[in-house]
Amino acid sequence: MCDANARHNGKSFEEWQKEWTVEDRYNFRTIEGKWQKIWEDEKVYHVDIDKNKEKFYVLVEFPYPSGAGLHVGHPRSYTALDVVARKKRMQGYNVLYPMGFDAFGLPAENYAIKTGVHPAVSTKANIANFTRQLKSLGFSFDWDRCVTTCDPDYYKWTQWMFIQFWKHGLAYKDKMAINWCPSCKVGLANEEVVNGHCERCGAEVVRRDKEQWMLAITKYADRLIDDIETVDFIDRVKSTQVNWIGRSEGAELEFELTDNNGNNLGKTMVVYTTRPDTTFGVTYCVMAPEHQFVQELMNKFENASEVQGYVEATAKKSELQRTADTTKTGVELKGIKARNPYNGKLIPVFISDYVLTGYGTGAIMAVPAHDQRDYDFAKVFNLPIIQVLEGGDISEKAWEEDGSHINSEFLNGMNKEDGMRAAIDYAVKNGFGHAKVNFKLRDWVFSRQRYWGEPIPMVYCEHCGWQPIPEDQLPLTLPDVPDYRPNDNGDSPLANATEWVNTTCPKCGGHAKRETDVMPNWAGSSWYFLRYCDPHNSKEFASKEALEYWMNVDWYNGGMEHTTLHLLYSRFWHKFLYDCGYVPTKEPYNRRTSHGMILASDGEKMSKSRGNVVNPDDIVNNYGADTFRLYEMFIGPFDQVAMWSEESLMGVYRFVGKIYGLFKKVGKIEPKEADLRAMHKCILEVTERIDGMRFNTAVSSLMTYVNYLAGMDTIPQVMYETLMKLLSPFAPHLSEEMWARMGKDTLVLNEPWPQGDAKMAEDNVVTLAVQICGKMRGTIEMPKDAPQADVEQKALALENVARQLEGRQVKKIIVVPNRIVNIVA
RNA sequence: GCGGGCGUGGUGAAACUGGUAGACACGUCAGACUUAGGAUCUGAUGGCGCAAGUCAUGGGGGUUCAAGUCCCUUCGCCCGCACCA
């Protein structure tokens with residue numbers, strides 16, 4: 001397989017050097033193409049299980065293959081982790097660095113609506129283009145493991161997993177008000193709604209009652225929070241997820257509903273509160289307008305038509321209107337009261353849209369003295385405000401800080417902690433309440449009324465209800481339809497495929513209809529990292545052996561925007577598979593990092609409409625892949641936003657040319673001590689900075705080292721070889737070429753990573769700063785670890801120092817070995 | 001409101017546990033080579049000052065021999081969530 005001639009063009013080191021002329025410029029076009037072909041022909045990035053080697057699983061989020069092709073943002077993440085993968089390989093690890101395509105989704109479908117081209121056809125073309133682009137950048141992906149989520153061999157297992165969810169009661173169909181995007185004509189998950197707008201198209205979402213398949217992610221809420229402490233995710237990812245899941249601890253308390261005279265109406269309203277200890281400050285209760293009791297008790301209300309009017313008005317409001325306007329409105333339910341179980345007092349009951357259905361119990365006890373929302377409401381309706389926590393002034397606003405309890409009978413004098421415990425104990429003892437943990441997280445709305453997604457493998461039989469398709473009949477493939485358009489009544493385009501829809505019940509054999517909604521585009525990406533471990537397995541989604549060897553992902557990098565979408569969903573999915581015994585680990589990812597976005601040179605987001613998009617193809621054509629890769633690493637701190645600048649890119653381009661040019665100065669001589677120092681310093685810095693995700697300064701280290709080499713008349717060969725090794729993760733083509741030109745028969749990417757020696761990197765002569773009272777007055781050169789007395793003497797002897805000290809008394813001299821001398825006078 | 005982050009030259013940014021602020025680049029200026037260039041190479045480059053110096057890490061205060069780094073306070077910016085009881 002190895003054709004040495006192809007590598008160094010049949011020329012020796014000496015011949016290459018002899019041929020060199022001043023005009024010789026680095027011809028990246030032919031050289032990069034040459035190496036990409038060699039790598040592909042020799043399958044150098046192919047990886048198999050090797051139990052003699054420690055594995056390292058590096059993962060980047062796979063792209064959606066859009067028609068626009070690769071964006072300069074994609075390679076930032078891919079290059080960074082390619083650097084990591086390449087370095088880990090050189091360090092002797094068996095590295096899995098796979099790539100695939102998250103290929104189901106709306107753009108392909110919208111394109112089909114516009115042009116009639118089947119999504120499968122356009123997706124295939126887009127994947128081919130993406131693959132070409134990715135290969136042109138020299139990433140070390142094992143392309144044999146490429147997975148595509150819209151491939152039936154892949155989504156067979158996505159469907160199989162859905163059936164497992166169903167079997168375990170975690171997939172269920174429910175009719176509920178969901179977020180509906182009128183523009184995409186599709187229902188959305190909570191996570192896909194951003195400030196009341198559709199995450200994808202920006203249209204304002206509306207509430208709509210729909211039957212939906214749901215996945216019970218809330219059953220995992222606790223573990224999704226708790227287990228995040230066991231993994232190494234950057235803090236902002238952790239806190240965003242914890243925040244989103246939104247755990248709060250409190251109590252559910254039962255308030256008996258009565259008529260105006262205190263006669264029991266036979267209904268007990270359960271409220272959720274995080275502050276049961278403030279119960280003596282409750283002056284009214286509020287139910288969400290959607291609360292079932294509102295309709296059930298309608299005939300008891302003296303103002304039933306007013307109540308009904310408010311309920312209907314609320315239903316018409318969009319989520320956005322309902323949350324944007326915080327002015328309190330509501331209607332008292334006249335004719336009924338609620339009894340505070342702690343003191344027996346009868347208090348009025350309202351409905352108001354500031355109480356949300358779907359969180360807690362959809363009913364609250366209001367403590368206006370200590371909750372600003374309740375306070376605002378109480379002011380509008382002239383309700384009493386009773387202070388039960390000491391410390392604040394409640395004449396203008398609620399007092400939401402802590403304070404010891406007052407006006408609270410048995411709770412008086414207690415602090416928050418004791419009060420909470422006492423209040424809950426009392427409720428438990430008297431049988432009207434208990435402690436309760438609630439989450440903001442909602443179950444995952446899993447149905448999409450569109451075409452280009454995984455069919456949900458369920459059929460509905462009038463006798464047997466919902467039944468899964470037998471697993472040996474998977475995959476349930478997506479049928480062809482003549483018309484991809486979604487419609488306003490919320491049916492999927494699949495609903496028109498009558499022949500496909502009508503089927504038989506797998507249980508009773510009678511007539512049944514298939515589910516016509518498809519899965520959301522987050523389905524396939526929820527487990528793709530497992531498939532990479534064993535991508536061609538037709539018996540299982542991945543073998544136990546493969547999963548046990550490769551999992552977990554050791555380093556996963558992806559966008560912040562997926563923190564509460566893909567990242568959360570896939571953790572949930574993985575935990576479910578773990579509970580079923582299908583995967584060996586509780587969490588899928590050991591380390592999660594996130595790259596910053598790359599903005600256009602005008603500081604704006606790159607977008608087609610602004611016309612400021614940079615196409616990676618142009619950069620590769622004009623400057624080469626290595627320059628592009630190095631620049632993306634050098635552009636700035638990896639986790640922060642960066643601005644694209646072609647001028648800065650030129651600096652890196654010069655750097656690449658400089659390295660190429662140094663070749664002619666390489667000679668077979670031995671390095672001196674100072675040379676070794678520079679070399680080991682560079683090795684140590686680059687190694688440490690790659691691990692620490694500080695790619696920008698890793699490139700700086702290489703530049704400093706190259707500047708050092710440039711200053712030499714003859715470069716010792718070992719120093720140039722070391723440069724090629726350190727450079728190869730960043731600029732694999734250039735380093736491979738120069739490696740070959742030095743007459744090597746090996747590939748530099750297979751070379752062992754250089755070992756830095758901290759001792760050799762240390763200077764034996766150090767420069768110390770001399771300060772007087774903390775102000776810099778000069779520097780002195782001393783042998784390393786010189787005796788303190790010598791250092792002091794030399795510092796005091798400085799002309800500058802002597803002048804400054806004239807007429808002053810030296811009080812003390814502080815010497816920090818090898819760093820600084822500070823003379824206090 | 002809650003949570004997370006940030007503020008350093010003309011620009012992108014360095015600075016590990018407090019220890020020579022501005023590494024490495026871009027840009028700019030000067031020079032060299034070219035008939036010419038936005039190509040290449042060399043040098044200079046935080047501000048003020050001829051200089052000795054002095055002022056500089058958003059502002060103010062503090063701890064310390066020493067603060068970009070630690071503490072308090074204040075201003076400004078970005079991101080996420082948000083009527084979640």
Side-chain angles (χ1 to χ4, degrees), chain A residues 22-23 25 194-195 234-244 246-248 250 271-275 278 286 322-328 352-356 358-367 370-374 376-377 400 438-442 560-561 563-564 596-597 631 634-637 639-652 654-655 657-658 661 685 688-689 692 694 696-704 706-707 710 767-779 800 803-804 811-825:
Chain A
V22 181
E23 291 78 38
R25 296 261 177 267
V194 179
N195 291 327
I234 50 169
D235 286 343
R236 57 196 171 126
V237 168
K238 280 190 186 181
S239 66
T240 302
Q241 285 208 350
V242 169
N243 233 6
W244 180 262
R247 173 159 59 192
S248 72
V271 305
Y272 176 69
T273 177
T274 51
R275 294 301 298 268
T278 60
V286 188
R322 186 164 169 173
T323 54
D325 184 6
T326 54
T327 318
K328 298 291 175 287
S352 172
D353 63 6
Y354 86 92
V355 174
L356 308 172
Y359 181 76
T361 59
I364 62 151
M365 59 177 221
V367 186
H370 305 292
D371 182 290
Q372 192 57 44
R373 295 156 304 180
D374 297 345
D376 295 341
F377 189 89
E400 295 186 322
N438 260 328
F439 298 93
K440 287 188 205 174
L441 186 71
R442 308 293 153 88
M560 270 311 282
E561 71 275 17
T563 302
T564 53
M597 217 190 330
Y631 176 59
F634 189 60
I635 193 167
D639 59 349
Q640 281 168 41
V641 292
M643 248 187 280
W644 184 265
S645 155
E646 195 139 338
E647 284 174 336
S648 293
L649 182 135
M650 283 306 298
V652 177
R654 279 182 212 129
F655 173 60
K658 202 175 197 174
E685 283 182 2
E688 181 187 302
R689 289 172 177 184
R694 302 196 308 276
N696 54 331
T697 52
V699 176
S700 300
S701 298
L702 289 168
M703 287 174 166
T704 305
V706 165
N707 288 343
T767 308
L768 288 91
V770 179
Q771 300 181 334
I772 296 175
C773 296
K775 293 212 183 228
M776 257 290 283
R777 296 298 169 187
T779 58
N800 218 5
R803 183 158 21 97
Q804 291 280 337
K811 289 189 193 125
K812 115 171 129 164
I813 301 179
I814 290 158
V815 177
V816 182
N818 304 322
R819 300 223 106 170
I820 211 158
V821 185
N822 193 9
I823 301 162
V824 187

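Lettering of chains follows the sequences in order, A, B, ..., and the numbering in each one begins at 1. What you see is a predicted model; the values in this text were computed from it and never measured.
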> Looking at A:Asn818, does any N or O in its side chain come under 4.0 Å of the phosphate oxygens OP1/OP2 on B:G19?
no
> Checking all strands, does A:Val271 fall into the base, sugar-phosphate, or nothing category for heavy-atom contacts under 4.0 angstrom?
nothing
> In terms of side-chain heavy atoms of A:Lys328, which of B:A25, B:C83, B:A85 is nearest?
B:C83
> Ignoring backbone atoms, establish whether A:Arg654 has a side-chain N or O less than 4.0 Å from OP1 or OP2 of B:U40.
yes
> Under 4.0 angstrom, heavy atoms only, what part of the nucleic acid is A:Met776 near: base, sugar-phosphate, or nothing?
base
> Over 60° means perpendicular and under 30° means parallel, so tell me whether A:Phe377 and A:Tyr354 are parallel, tilted or perpendicular.
tilted
> Say we look at B:A13 and B:U17: how far apart would their C1' atoms be, to the nearest angstrom?
23 Å
> Side chains of A:Glu685 and A:Thr704: does their closest heavy-atom pair fall under 4.5 Å?
no
> Provide, to the nearest angstrom, the distance between the CG atom belonging to A:Asn822 and the C1' atom belonging to B:C65.
5 Å
> Report the distance from atom CG of A:Leu649 to atom C1' of B:G38, rounded to the nearest whole Å.
15 Å
> Does A:Glu400 have any side chain to side chain donor-acceptor pair (under 3.5 Å) partners at least two apart in sequence or in another chain, and if so, which?
none
> Taking only side-chain N and O atoms of A:Lys775, does any of them lie within less than 4.0 angstrom of OP1 or OP2 on B:A21?
no
> Which part of the nucleic acid, if any, lies within reach of A:Asp374 when heavy atoms closer than 4.0 Å are counted: base, sugar-phosphate only, or nothing?
nothing
> Indicate, yes or no, whether a donor-acceptor pair under 3.5 Å links the base of B:C65 to the side chain of A:Lys811.
no
> For the residue pair A:Asn707 / A:Lys658, report whether a side-chain donor-acceptor contact shorter than 3.5 Å exists.
yes
> Quick check: on RNA chain B, is the nucleotide nearest A:Ser645 upstream (toward 5') of the one nearest A:Thr327, or the reverse? Name the residue that is more 5'.
A:Ser645
> Between B:G19, B:A85, B:A25, which one does the side chain of A:Ile820 approach most closely?
B:G19
> Could you work out the separation of B:C72 and B:C77 based on their P atoms and round it to a whole Å?
23 Å
> Please determine whether side-chain contact (heavy atoms from CB on, under 4.5 Å) holds for the pair A:Met365 and A:Thr278, giving the CA-CA distance in whole Å, both sets of side-chain angles, and the decisive distance to 0.1 Å.
CA-CA 10 Å; A:Met365 59 177 221; A:Thr278 60; 4.1 Å; yes
> Quantified in whole Å, what is the C1' atom distance between nucleotide B:C83 and nucleotide B:G4?
22 Å
> Would you indicate what A:Val824 reaches in the nucleic acid, counting non-hydrogen atoms under 4.0 angstrom: base, sugar-phosphate, or nothing?
sugar-phosphate
> Using a cut-off of 4.0 Å on non-hydrogen atoms, how would the nucleic acid contact of A:Thr779 be classed: base, sugar-phosphate, or nothing?
base
> Rounding to a whole Å, what distance do you find between A:Leu441:CG and B:G80:C1'?
16 Å
> Can you tell me if the side-chain N/O atoms of A:Asn707 get under 4.0 Å from OP1 or OP2 in B:A25?
yes
> When you compare B:G22 with B:U73, how far apart are their P atoms, in angstrom units rounded to a whole number?
32 Å
> Between B:U8 and B:A15, how many Å separate the two P atoms, rounded to a whole number?
15 Å
> Please give, in whole Å, the distance from B:C26 P to A:Phe655 CZ?
11 Å
> Taking atom P in both B:G7 and B:U69, what distance in whole Å separates the two?
11 Å
> Using a cut-off of less than 4.0 Å, is there contact between a side-chain N or O of A:Tyr354 and OP1 or OP2 of B:A85?
no
> Of all the choices, B:U20, B:A23, B:C26, which nucleotide is nearest to the side chain of A:Ser700 once you look at every atom?
B:A23
> Is there a Watson-Crick or G-U wobble partner for B:U45 with both distances under 3.5 Å, and if so, which one is it?
B:G27
> Which residue lies toward the 5' end of RNA chain B, A:Lys658 or A:Ser248, if each is placed at its nearest nucleotide?
A:Lys658
> To check you understand the geometry: which heavy-atom pair defines the closest contact between A:Trp244 and A:Lys440, and what is its length?
O-CB, 3.7 Å
> Is the glycosidic torsion of B:G37 within 90° of 0, making it syn, or is it anti?
anti
> Taking the C1' atom of each, how far is B:A44 from B:G9, in whole Å?
15 Å
> Starting at atom NZ of A:Lys238, determine the distance to atom P of B:C79, rounded to an integer number of angstrom.
25 Å
> Considering Watson-Crick and G-U wobble pairs with both distances under 3.5 Å, what does B:C65 pair with?
B:G19
> Using the P atom on both, measure B:C6 against B:A14 and round to a whole Å.
12 Å
> Atom NZ of A:Lys812 and atom C1' of B:C65: how far apart are they, to the nearest Å?
6 Å
> Please examine the side chains of A:Asp371 and A:Arg275, heavy atoms only from C-beta on, and report whether any two atoms are closer than 4.5 Å.
no
> Please tell me which of the listed nucleotides, B:A52, B:U20, B:A85, lies nearest to the side chain of A:Asn800?
B:A52
> Just name whichever nucleotide pairs with B:G76, Watson-Crick or G-U, keeping both distances under 3.5 Å, else none.
B:C6
> For A:Gly250 and A:Tyr272, which heavy atoms make the closest approach, and how far apart are they?
N-OH, 3.4 Å
> Would you sort out whether A:Ile364 and A:Asp374 count as a side-chain contact (heavy atoms from CB on, under 4.5 Å), showing the intermediate values?
CA-CA 10 Å; A:Ile364 62 151; A:Asp374 297 345; 3.7 Å; yes
> Whom does B:A52 pair with, Watson-Crick or G-U wobble, provided both distances fall under 3.5 Å?
none
> Reading nucleotides 4-17 of chain B 5' to 3', which nucleotides get B (base under 4.0 Å from a protein heavy atom), which S (sugar-phosphate only), which -?
S-------BSS-B-
> Whole-Å distance between B:C65 C1' and A:Gln771 CD?
9 Å
> Look at all strands and tell whether A:Gly651 reaches a base, only sugar-phosphate, or nothing, counting heavy atoms closer than 4.0 Å.
sugar-phosphate
> How many whole angstroms separate atom CZ of A:Arg777 from atom P of B:U20?
16 Å
> Which base, if any, makes a Watson-Crick or G-U wobble pair with B:U40, both distances under 3.5 Å?
B:A32
> Could you walk me through whether A:Leu649 and A:Trp644 satisfy the side-chain contact (heavy atoms from CB on, under 4.5 Å) test, starting with their C-alpha distance in whole Å, then the side-chain angles of each, then the deciding distance to 0.1 Å, before giving a yes or no?
CA-CA 9 Å; A:Leu649 182 135; A:Trp644 184 265; 3.7 Å; yes
> In chain order, what residues pass the side chain to side chain donor-acceptor pair (under 3.5 Å) check against A:Asn800, with sequence neighbours excluded?
A:Arg803
